[in-house]
Amino acid sequence: MSRTAGSQAPTGWGLPIAFASLLIEWQRHSGRSGLPWQLTREPYRVWLSEVMLQQTQVSTVLSYYPRFLARFPDVRTLAAASPDDVMALWSGLGYYSRARNLHRCAQVVVNEHGGAFPTTAAQLETLPGIGASTAAAIAAFCHGERISILDGNVRRVLSRLLAFEGDLAQAGPQRELWRLAQALLPVAPERDDMTAYTQGLMDLGATVCLRSKPLCGRCPVRAECRAHAANETQRFPVKTRRLQRRFENWWLLLVRHVGGDGQVRFWLARRPDSGIWAGLYCPPVFADDKALQAAVHSTLGGALHALAPVAHSLTHRELRLHPLLLDVPSVATEDGLPPGQWVSVQALADHGLPAPVRQMLSGLDQPGSTA
DNA sequence: GAGACGTGGAT
DNA sequence: TATCCAAGTCT
């Protein structure tokens, strides 16, 4: 192991032993504080924040978190809710399987754990939607368990600190880095130490150890950082996998009805239980223009009005959405339409809609509007 | 184990 | 514009 043979900062085990105490002290005077989910140790609130924050930036979650809590203030309320209600509050946050698992998890906690979350990371990880990192975060924040998270921040911070050469696109090196993360934990920490340490890992990654142009001058552990010593911070973390997007065209049939009282309604269908936007409400989707027209009764087809295409990119897909607007004179028209249901403009807020669909429909919510 | 799964922000 | 990525998990 050449990594332990160098003269820079390694201890007997090749790890910077001052790391944990430096990080804890730094977090307490320079870390983030006052975020809504930092004001509590209540497992329900911590759990909700951790799930919302999976692959999602703090700035995005800030608006969703209080709204969700106001509607579902505790785990029993959430467990008793309908899947549609949960999805409506998650609408726009993305990764909707999180919402489904969140709901299932609440039901498991209520039905199998008497309404109280398990207290150890090992038990938490058995619950739906709670993986190793989220389980560790909840256990560390709420109960001071001596266990490490491993999110994107930690991968970046630790891979630089240790000049970790393993390819984090692969499972083996990931596990190895997690073992190292465990080895770096404070020795015999108090509960509050684990809170500060765990928060400190994330704060350091989010505010100092930035992806490009890290602010090493402000880093509390730069003296122990091997990447910094070698002037190679930009080389870590090592990750080879490149995400590739597939291009796809989707044709959306936007059927609109304006009632005699001016009430505007759209014809929406629930997406299948798997795949993109699973469980959300969406206008009927077709693979091409012809398939869309074939699904509309011939007496209605002439009224189709093509709107401007919308580009929408997902992690693995580059969608080009082609909306076609069909104004129908009567709700009785549904016989000539693909499966779906009428949803009034007012009721859209109570439905889980994909972000681009909500955007699209919001421009059509006035009688006659086409933008 | 590799790919599926959203959205918005940063570069 | 293209690419990466952000408090990952599930299959």
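All chains are named by letter (A, B, ...) in the order of the sequence lines, taking the proteins before the strands, and each is independently numbered beginning at 1.
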S.K.: If I pick the P atom on dC5(B) and the same atom on dA2(C), what distance separates them, to the nearest angstrom?
M.R.: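 Between the two P atoms, the distance is 22 Å.
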
S.K.: Determine whether a donor-acceptor pair (N or O, by modelled atom type, separation under 3.5 Å) exists between the side chain of Arg41(A) and the backbone of Phe141(A).
M.R.: yes

S.K.: Group every Ile, Leu, Val, Met, Phe, Trp and Tyr by side-chain heavy-atom contacts under 4.5 Å, then state whether Val296(A) and Trp342(A) land in the same group.
M.R.: yes

S.K.: Please work out if Ser313(A) contacts a base, only the sugar-phosphate, or nothing of the nucleic acid, heavy-atom cut-off 4.0 Å.
M.R.: base

S.K.: On a whole-Å scale, what distance lies between the P atoms belonging to dT11(B) and dA7(C)?
M.R.: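 It works out to 14 Å between them.
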
S.K.: Do you see a donor-acceptor pair shorter than 3.5 Å between the side chains of Thr195(A) and Asp192(A)?
M.R.: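 There is no such pair (donor and acceptor under 3.5 Å, judged by atom type) between the side chains of Thr195(A) and Asp192(A).
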
S.K.: If you look at every strand shown and take non-hydrogen atoms under 4.0 Å, does Gly92(A) touch a base, only sugar-phosphate, or nothing?
M.R.: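 The answer is sugar-phosphate, as Gly92(A) gets under 4.0 Å only of primed atoms, P, OP1 or OP2.
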
S.K.: Could you give all pairs that pass the salt bridge (Lys or Arg N to Asp or Glu O under 4.0 Å) test and reach residues 89-101 of chain A, with sequence neighbours left out?
M.R.: none

S.K.: Say we look at dT11(C) and dG6(B): how far apart would their P atoms be, to the nearest angstrom?
M.R.: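 Nearest-Å result for dT11(C) against dG6(B) at atom P: 14 Å.
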
S.K.: By the 4.0 Å heavy-atom rule, please label Leu150(A) as base, sugar-phosphate, or nothing.
M.R.: nothing

S.K.: Tell me if the side-chain of Thr56(A) makes a donor-acceptor pair with the base of dG6(B), cut-off 3.5 Å, by modelled atom types.
M.R.: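 By the distance-only test, yes, there is a pair.
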
S.K.: Just to be sure I understand the rule, does Ser133(A) reach a base, reach only the sugar-phosphate, or reach nothing, if contact means heavy atoms closer than 4.0 Å?
M.R.: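 It contacts sugar-phosphate atoms only.
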
S.K.: Contact class for Trp277(A) (heavy atom, under 4.0 Å): base, sugar-phosphate, or nothing?
M.R.: sugar-phosphate

S.K.: Between dG1(B) and dA6(C), how far apart are the two P atoms, rounded to whole Å?
M.R.: 23 Å

S.K.: Counting only distance, no hydrogens or angles, is the base of dG8(B) paired donor-acceptor with the side chain of Thr60(A) under 3.5 Å?
M.R.: no

S.K.: Let me know the distance between CD of Gln174(A) and P of dA2(B), rounded to the nearest Å.
M.R.: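 One finds 11 Å between P of dA2(B) and CD of Gln174(A), rounded.
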
